[in-house]
Amino acid sequence: MGQEEPDLYRDTWVRYLGYANEVGESFRPLVPVPVVWASYGVATAYVTADAIDKGRKAATVSVTPSPAPGRSLLTPPLTPVSPQAHAQDPARVGVAVVDTFVWQSLASVAIPGFTINRLCAASLALLGTLTRWPLPVRRWATTALGLAAIPLIITPIDRTVDFLMDSSLRKLYGTPGEPPTSH
């Protein structure tokens with residue numbers, strides 16, 4: 001029995017690509033808008049690649065017919081099969097892709113991007129009102145604040161998206177899926 005293979009999108013440096021749009025929003029006062037939009041492109045590519053990866057992983061598991069004690073037939077245990085195997089259950093693959101894509105889109109792109117955008121816009125406006133700092137200093141201070149806020153907003157946003165998904169979309173496909181870990 002070997003160790004479980006690390007998840008490329010969750011356990012390696014690749015996961016930091018999910019933070020690209022937050023970094024882009026933090027630098028919005030300093031860079032041209034197309035650079036910010038490009039950061040959203042990087043984050044969206046990460047989200048899409050992770051969703052595809054989770055779909056492929058769901059396609060390479062088979063369902064054992066008899067449930068273990070304490071488990072229902074609705075959530076059978078999974079055993080890995082060869083990567084060449086076809087999906088045992090196309091619905092499982094669809095749920096894995098949709099769940100990951102929606103979760104990551106909300107928790108990695110939409111909500112954090114909006115949060116950092118509004119935080120930076122408000123701080124730039126407040127610094128303009130409350131200080132006599134030159135505009136370049138206010139812009140750099142706003143960028144520093146946005147970058148500093150990124151690690152602080154991740155966990156609350158992730159937990160909120162978990163709750164929202166468990167309360168809505170995951171009810172539609174019957175079982176609360178194991179939500180993706182942070183970015």
Item to check | Hphob cluster co-occupancy, Leu152 + Leu147, side-chain heavy atoms under 4.5 angstrom | outcome: no
Checklist entry - So if you build clusters from Ile, Leu, Val, Met, Phe, Trp, Tyr with side-chain heavy-atom gaps below 4.5 Å, do Val137 and Leu124 land together? => result no
Next on the checklist: Same cluster or not: Phe114 versus Leu145, using hydrophobic residues (I, L, V, M, F, W, Y) connected whenever any side-chain heavy atoms lie under 4.5 Å apart?
Outcome noted: no
Acceptor/donor pairs from residues 126-134 side chains to any protein atom, 3.5 angstrom cut, sequence neighbours excluded:
residue	atom	partner	partner atom	Å
Thr129	OG1	Ala125	O	3.0
Thr131	OG1	Leu127	O	2.4
Thr131	OG1	Trp133	N	3.4

Next on the checklist: Tell me every residue that passes side-chain contact (heavy atoms from CB on, under 4.5 Å) with Leu30, counting only those two or more places apart in sequence or in another chain.
Outcome noted: Phe27, Arg139, Trp140, Thr143
Next on the checklist: Could you work out, with side-chain contact (heavy atoms from CB on, under 4.5 Å) as the rule, every residue matching Val98, not counting sequence neighbours?
Outcome noted: Val102, Leu169
Checklist entry - Can you find a heavy atom in the side chain of Asp7 that is under 4.5 Å from one in the side chain of Lys57? => result yes
Next on the checklist: Between Asp158 and Trp103, is there a side-chain donor-acceptor contact under 3.5 Å, judged purely by atom types and distance?
Outcome noted: no
Checklist entry - Going through the checks in order, is the side chain to side chain contact (heavy atoms under 4.5 Å, CB included) test met by Ser26 and Ile150? => result CA-CA 9 Å; Ser26 295; Ile150 293 170; 4.0 Å; yes
Checklist entry - Between Thr48 (side chain) and Ala45 (backbone), is there a donor-acceptor pair under 3.5 Å? => result no
Checklist entry - Is any side-chain heavy atom of Leu8 less than 4.5 Å from a side-chain heavy atom of Asp53? => result no
Checklist entry - Tell me, which pairs form a salt bridge (Lys or Arg N to Asp or Glu O under 4.0 Å) where one or both residues lie in residues 28-47, sequence neighbours left out? => result Glu25-Arg28
Next on the checklist: Taking the ring centre of each residue, are Tyr40 and Trp37 less than 6.0 Å apart?
Outcome noted: yes
Checklist entry - Who passes side-chain contact (heavy atoms from CB on, under 4.5 Å) against Arg56, sequence neighbours left out? => result Ile52
Checklist entry - Tell me, do Arg10 and Lys54 make a side-chain contact under 4.5 Å, heavy atoms counted? => result yes
Checklist entry - Would you say the side chains of Gln104 and Thr100 form a donor-acceptor pair under 3.5 Å? => result no
Checklist entry - For the atom pair OG (Ser105) and CG (Asp50), what is the distance rounded to the nearest 0.5 Å? => result 10.0 Å
Checklist entry - Got a donor-acceptor contact below 3.5 angstrom from the Tyr46 side chain to the Tyr9 backbone? => result yes
Checklist outcome for this item: Taken in chain and number order and not counting sequence neighbours, the residues that satisfy side-chain contact (heavy atoms from CB on, under 4.5 Å) with Ile111 are Leu106, Thr115, Ile157, Val161
